[in-house]
2 protein chains.
Amino acid sequence: MITYIFVTNRLLKIMRRDVFQAIADPVRREIIELLADETLTVNTVAQKFDVSRPAISKHLKILKECGIITINKQGRERFCHIQPKNLIPAFLWIEQYRNLWEDRLDSFENYLTKLQTKNKKNE
Amino acid sequence: MITYIFVTNRLLKIMRRDVFQAIADPVRREIIELLADETLTVNTVAQKFDVSRPAISKHLKILKECGIITINKQGRERFCHIQPKNLIPAFLWIEQYRNLWEDRLDSFENYLTKLQTKNKKNE
DNA sequence: AAATTGCGTAACCGAATGATTACATATATA
DNA sequence: TATATATGTAATCATTCGGTTACGCAATTT
């Protein structure tokens with residue numbers, strides 16, 4: 001959803017939906033997965049799900065609004081293209097904790113190794 | 001996400017929260033950021049936000065339910081620890097598109113390089 | 001020209017979400 | 001023991017979400 005506000009005589013466009021919200025829904029994640037492989041029309045996407053076409057239309061609108069896909073008109077069909085670079089912000093946010101979980105896994109492995117060494121000594 | 005399961009002839013509604021939902025909310029993301037740096041009590045977390053303590057309590061409960069934090073009782077205080085490895089599924093999901101966006105960025109760079117070369121030839 | 005197709009959107013609905021206030025309970029302190 | 005503190009939770013509320021059906025419109029087919 002896009003909102004417009006006035007700030008000191010200027011019309012500002014506010015993106016209330018972000019990529020985190022976009023990928024929160026499992027249907028939208030599946031749509032992203034589909035479009036990562038190939039460009040599809042709105043109907044083709046809709047046919048791959050149990051929900052109605054308007055429901056898919058809404059999901060596509062949300063994905064479009066936060067830049068994850070673009071929709072190109074061609075005749076009466078709309079082709080949905082993925083714009084993978086707009087997943088980068090979400091990726092970077094999670095990635096900042098990568099060292100954290102890798103450290104913890106390391107220390108867990110160390111713990112296991114020590115445990116095994118200890119057990120061997122006791123044999 | 002809602003799941004239904006049958007347990008002894010009874011249809012049970014299961015609210016399975018996943019990590020994507022957990023990080024969809026900006027307050028919860030901020031909480032994660034705080035706890036990545038240090039372990040904090042529930043009250044200490046709440047004091048860093050404008051919303052009420054019960055609201056933070058709920059957010060913490062959600063984070064706990066999907067394994068991103070653990071809460072340890074110590075006296076009358078509860079200490080919240082981050083469990084960063086439970087962010088890995090979300091990380092992996094996004095990361096599978098990494099080559100996709102890197103390819104696109106590459107081809108964009110190539111395009112720019114070619115453009116520059118072309119321009120140089122024309123000089 | 002008439003019918004079909006592809007798609008967006010409005011109107012509506014039930015459930016989920018995120019917030020609040022009020023209260024309960026366990027622990028620490030005076 | 002009485003009070004203060006840390007926290008969880010129930011009740012409630014407005015808003016958002018994800019779905020549906022019904023409809024409209026432009027483009028293609030017949």
Side-chain angles (χ1 to χ4, degrees), chain A residues 1-3 5 14-32 34-35 38-66 68-81, chain B residues 1-5 11-32 34-35 38-66 68-81:
Chain A
M1 176 76 63
I2 300 169
T3 316
I5 58 166
I14 301 270
M15 187 81 101
R16 234 182 55 246
R17 253 191 263 258
D18 62 8
V19 62
F20 291 98
Q21 275 222 350
I23 64 175
D25 185 89
V27 172
R28 287 197 289 269
R29 282 202 301 279
E30 257 193 83
I31 292 178
I32 292 174
L34 286 173
L35 296 180
E38 46 179 342
T39 294
L40 296 172
T41 67
V42 173
N43 261 350
T44 322
V45 173
Q47 279 157 17
K48 308 203 180 242
F49 293 88
D50 279 337
V51 296
S52 67
R53 186 191 50 74
I56 296 297
S57 243
K58 281 188 191 180
H59 283 305
L60 291 172
K61 194 179 178 185
I62 290 172
L63 290 173
K64 192 181 70 182
E65 276 172 10
C66 58
I68 293 180
I69 66 168
T70 52
I71 304 185
N72 294 327
K73 193 177 163 183
Q74 212 167 311
R76 61 184 165 187
E77 291 174 315
R78 316 275 161 133
F79 288 86
C80 307
H81 305 261
Chain B
M1 184 190 288
I2 303 169
T3 315
Y4 295 89
I5 57 164
L11 186 62
L12 288 184
K13 189 169 146 186
I14 301 267
M15 186 56 166
R16 219 193 64 247
R17 290 202 219 254
D18 63 8
V19 62
F20 290 99
Q21 271 224 348
I23 64 174
D25 185 89
V27 171
R28 286 197 289 270
R29 282 202 301 279
E30 257 192 83
I31 293 177
I32 292 173
L34 287 172
L35 296 180
E38 45 179 342
T39 294
L40 296 172
T41 67
V42 173
N43 261 350
T44 324
V45 172
Q47 279 158 17
K48 308 203 180 243
F49 293 87
D50 279 339
V51 297
S52 66
R53 187 191 48 76
I56 296 296
S57 239
K58 282 188 191 177
H59 283 305
L60 290 172
K61 194 179 178 185
I62 290 172
L63 289 173
K64 192 182 70 183
E65 276 172 10
C66 58
I68 293 182
I69 67 169
T70 54
I71 303 185
N72 294 327
K73 193 176 163 184
Q74 212 167 311
R76 62 184 164 186
E77 290 174 316
R78 316 274 159 135
F79 287 87
C80 307
H81 306 261

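The sequence lines fix the lettering, A, B, ..., with proteins before strands; numbering per chain opens at 1. Fair warning: this is a prediction, and the values are worked out from it, not measured in the lab. In what follows, every heavy atom counts, from backbone to side chain, and hydrogens, waters and symmetry copies are set aside.
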Protein N or O to nucleotides 8-15 of chain D N or O, pairs below 3.5 Å:
| unit_1 | atom_1 | unit_2 | atom_2 | d |
| --- | --- | --- | --- | --- |
| D/dG8 | OP2 | B/S57 | OG | 2.5 |
| D/dG8 | N7 | B/R53 | NH1 | 3.0 |
| D/dG8 | O6 | B/R53 | NH2 | 2.8 |

Check the distance between [N]'s [atom2] and [X]'s [atom1] and give it to me in whole angstrom.
X: B/I56; N: C/dT21; atom1: CD1; atom2: C1'; result: 16 Å
X: B/R28; N: C/dA16; atom1: CZ; atom2: C1'; result: 12 Å
X: A/D25; N: D/dG18; atom1: CG; atom2: P; result: 5 Å
X: B/E77; N: D/dA4; atom1: CD; atom2: P; result: 19 Å
X: A/I62; N: D/dT16; atom1: CD1; atom2: P; result: 13 Å
X: A/N43; N: C/dT5; atom1: CG; atom2: P; result: 11 Å
X: A/Q21; N: D/dT16; atom1: CD; atom2: C1'; result: 9 Å
X: A/F20; N: C/dT17; atom1: CZ; atom2: P; result: 18 Å

Of the non-hydrogen atoms in B/C80 and B/L35, which two are nearest, and what is the gap between them?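 So the minimum-distance heavy-atom pair works out to O-CD2, 3.6 Å.
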Go through B/I62 and B/I68 one step at a time and tell me if the side-chain contact (heavy atoms from CB on, under 4.5 Å) criterion holds. CA-CA 9 Å; B/I62 290 172; B/I68 293 182; over 6 Å; no
Take A/I71 and A/K73 through the test side-chain contact (heavy atoms from CB on, under 4.5 Å) and record every step on the way to the result. CA-CA 7 Å; A/I71 304 185; A/K73 193 177 163 183; over 6 Å; no
Along DNA chain D (nearest heavy atom to each residue), the more 5'-positioned of B/T41 and A/A55: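 The answer here is B/T41.
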So if I apply the side chain to side chain donor-acceptor pair (under 3.5 Å) rule between A/N72 and each of A/E77, A/R78, A/H81, which one comes out positive?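 Single side chain to side chain donor-acceptor pair (under 3.5 Å) partner of A/N72 among A/E77, A/R78, A/H81: A/H81.
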By ring pair (Phe, Tyr, Trp, His ring centres under 6.0 Å), which residues pair with B/F79, not counting sequence neighbours?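 So B/F79 forms no ring pair (Phe, Tyr, Trp, His ring centres under 6.0 Å) with any residue.
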Compare side-chain N and O positions of A/H59 against OP1 and OP2 of D/dC17 and report whether any pair is under 4.0 Å apart.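 The answer is no; no side-chain N or O of A/H59 sits under 4.0 Å from OP1 or OP2.
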To the closest 0.5 Å, what do you measure between OG1 (B/T41) and CD (B/Q47)?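 Separation between the atoms: 7.0 Å.
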Enter the distance from A/Q21:CD to A/R28:CZ here, rounded to the nearest 0.5 Å.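 These two atoms lie 7.5 Å from each other.
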Closer than 3.5 angstrom, by distance alone: can the side chain of B/R53 be matched with the main-chain N or O of B/A46 as a donor-acceptor pair?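 Such a contact is absent between B/R53 side chain and B/A46 backbone.
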Please enumerate all protein N or O atoms sitting under 3.5 Å from an N or O of nucleotides 26-30 of chain C, with distances to 0.1 Å.
| unit_1 | atom_1 | unit_2 | atom_2 | d |
| --- | --- | --- | --- | --- |
| C/dT27 | OP1 | B/K73 | NZ | 3.3 |
| C/dT27 | O2 | B/R76 | NH1 | 3.3 |
| C/dA28 | O4' | B/R76 | NH1 | 3.4 |

In terms of side-chain geometry, is the basic nitrogen of A/D18 or B/R29 positioned less than 4.0 Å from the acidic oxygen of its partner?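 Judged by the 4.0 Å cut-off on N to carboxylate O distance, A/D18 and B/R29 do form a salt bridge.
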